[in-house]
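Inspection log for the structure reproduced underneath, given as structure tokens.
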Amino acid sequence: EFSREKVNNFFKNKPQLLALDAGTDSGIIKNKKDKGNLYYLKYNELNKKIKKYVPEDIYYDRNSYKNVEERLRSLSQPVKIIIKQQLAFDIDPENIPCSCKSKYPKFCNKCLRKTILFAIKLGEQLKEQFKDIQLVYSGRGCHVHVFDTKAYTLTTQERKELNKQVKQYAIDPWVSEGKSNLIRLPYSLNGLVSRIVMPLTIQEAKKFDPLTNKKIIPKFLNK
């Protein structure tokens, strides 16, 4: 069901690197030796590596590097070759105050719906500063991506200041600040909850219900 074409169409600038998790959370894994490992690959290797690892999760690296090969050779070393980083915000249910006291990976339906509402409000507020904004339902929360050219070159301090402006939307500040460079790949599968990672415009998100929307449910669940 995975569509590489849809992934290509999502990006105006293709990411240089992706990362695969073969099955750390679910334990459903092709090779048990791969558990707990994150495998990095070039964007054009995606189809080949999916067949090899059958991963539970796929992420893309928001960083742009001077030398991709050098980065692949030094994944365990501090990153000193970043040119820029795409701005993105992560809203997860466990960040939302609720009587269910949600903790990863469990949360209630109220928390889940609220992540969508917060993402809409965050997107609308960001529209005051940026133009190219895309929401993405992550399977258990929501991401807000900013693709404006100027957003890629924001300094760490500028990102921190932006976080202060939108902290009421239960964001994970280390993501938008830049400390976490990986984020779920749109149209991939969130293996922990078996839901498709689905891009949404702000208008689409206003009508989107993660509990009833059939587009995010993979076909294999209906067989």
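By convention here, the first residue in the shown sequence is residue 1. This one's a predicted model, so the numbers in the text were calculated from it and none came from an experiment.
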What are the two closest heavy atoms between Ile171 and Ser176, and how far apart are they? CD1-OG, 3.9 Å
Just by distance, do the side chain of Gln125 and the backbone of Gln165 share a donor-acceptor pair under 3.5 Å? yes
Flag the pair Phe118 / Phe89 as yes when their ring centroid distance falls below 6.0 Å, and as no otherwise. no
First locate atom CG of Asp90, then atom CH2 of Trp174, and finally report the distance between them rounded to the nearest 0.5 Å. 8.0 Å
Smallest heavy-atom separation, Gly141 atom then Pro93 atom, equals CA-CD, 4.2 Å
How are the rings of His145 and His143 set to each other: parallel, tilted or perpendicular (split at 30° and 60°)? perpendicular
Could you check whether any side-chain heavy atom of Ile116 comes within less than 4.5 Å of a side-chain heavy atom of Cys142, counting everything from C-beta outward? yes
Under a 3.5 Å cutoff, is there a donor and acceptor pairing between the side chains of Glu161 and Gln157? yes
Side-chain heavy atoms nearer than 4.5 Å, only ILVMFWY residues, links allowed to pass through others: does that put Val54 and Val197 together? no
dist Ile217:CD1 -> Lys214:NZ (nearest 0.5 Å) comes out at 8.0 Å
Could you tell me the separation between the CZ atom of Arg113 and the CG atom of Leu211, rounded to the nearest 0.5 Å? 4.0 Å
Show your reasoning for whether side chain to side chain contact (heavy atoms under 4.5 Å, CB included) applies to Tyr39 and Lys52. CA-CA 11 Å; Tyr39 294 98; Lys52 178 178 179 180; over 6 Å; no
Any donor-acceptor pair under 3.5 Å linking the side-chain atoms of Asn8 with those of Tyr43? yes
State, with a plain yes or no, whether a side-chain heavy atom of Leu17 is found less than 4.5 Å away from one of Val68. yes
For Pro218, does its backbone N or O pair with a side-chain atom of Glu1 as donor and acceptor, under 3.5 Å? no
With sequence neighbours left out, which residue pairs that include part of residues 20-43 fulfil the salt bridge (Lys or Arg N to Asp or Glu O under 4.0 Å) condition? Lys42-Glu69
Nearest-0.5 Å distance that lies between atom CG in Asp61 and atom CG in Leu185: 12.0 Å
Quick check: are there more than 12 heavy atoms from other residues, nucleotides or ligands sitting under 6.0 Å from NZ of Lys110? no
Within one Ile-Leu-Val-Met-Phe-Trp-Tyr cluster: Leu117 and Ile91, side-chain cutoff 4.5 Å: no
Pair listing, salt bridge (Lys or Arg N to Asp or Glu O under 4.0 Å) test, anchored in residues 125-148, at least two apart: Lys12-Asp132, Asp92-Arg140, Glu94-Arg140
Side chains of Gln86 and Tyr60: closer than 4.5 Å at any heavy-atom pair? yes
Do Ile50 and Ile58 have side chains that get closer than 4.5 Å, going by heavy atoms? yes
Are any of the side-chain heavy atoms of Val136 and Ile183 separated by less than 4.5 Å? no
Note, Phe107 side chain near Ile96 side chain (heavy atom, < 4.5 Å): no
Please give me the minimum heavy-atom distance between Tyr40 and Leu182, naming the atom from each residue. OH-CD1, 3.5 Å
Worked verdict on Leu41 versus Tyr53 for side chain to side chain contact (heavy atoms under 4.5 Å, CB included): CA-CA 12 Å; Leu41 59 145; Tyr53 293 105; over 6 Å; no
Hey, mind stepping through Lys84 and Ser64 against side chain to side chain contact (heavy atoms under 4.5 Å, CB included) and telling me if it holds? CA-CA 5 Å; Lys84 55 187 178 181; Ser64 294; 3.7 Å; yes
Using a 6.0 Å cut-off, check whether atom NZ of Lys49 has over 12 heavy atoms from anything other than its own residue. yes
With sequence neighbours excluded, tell me which residues meet salt bridge (Lys or Arg N to Asp or Glu O under 4.0 Å) with Asp57. Arg184
For the CZ atom of Phe208 and the CD1 atom of Ile202, what is their distance to the nearest 0.5 Å? 15.0 Å
What is the distance from atom CG of Leu87 to atom NZ of Lys150, rounded to the nearest 0.5 Å? 11.0 Å
Please examine the side chains of Ser188 and Tyr59, heavy atoms only from C-beta on, and report whether any two atoms are closer than 4.5 Å. no
Closest heavy-atom pair, Ala19 versus Leu38, reported as atoms and distance to 0.1 Å, is CB-CG, 4.0 Å
Pair Leu162, Glu158 - check side chain to side chain contact (heavy atoms under 4.5 Å, CB included), show working. CA-CA 6 Å; Leu162 191 54; Glu158 288 172 329; over 6 Å; no
Is a side-chain N or O of Arg195 found less than 3.5 angstrom from the main chain of Tyr137, in a donor-acceptor match? no
Any Lys/Arg nitrogen of Lys206 or Glu124 sitting under 4.0 Å from an Asp/Glu carboxylate oxygen of the other? yes
Closest heavy-atom pair and its distance - Leu189, Ile196: CD1-N, 4.1 Å
According to a hydrophobic-cluster definition based on side-chain heavy atoms being under 4.5 Å apart (Ile, Leu, Val, Met, Phe, Trp, Tyr only), do Val175 and Val166 belong together? no
Just wondering, are more than 12 heavy atoms of other shown residues or ligands nearer than 6.0 Å to CD in Glu5? no
Please verify the inter-ring angle class for Phe10 with Tyr187; under 30° counts as parallel, over 60° as perpendicular, anything in between as tilted. perpendicular
Flag the pair Glu56 / Ile28 as yes when at least one side-chain heavy-atom distance between them is below 4.5 Å, and no otherwise. no
Glu70 side-chain N/O to Tyr65 backbone N/O, donor-acceptor pair under 3.5 Å: no
Identify the two heavy atoms, one from Asn63 and one from Gln85, that lie closest to each other, and give their separation to 0.1 Å. OD1-NE2, 2.8 Å
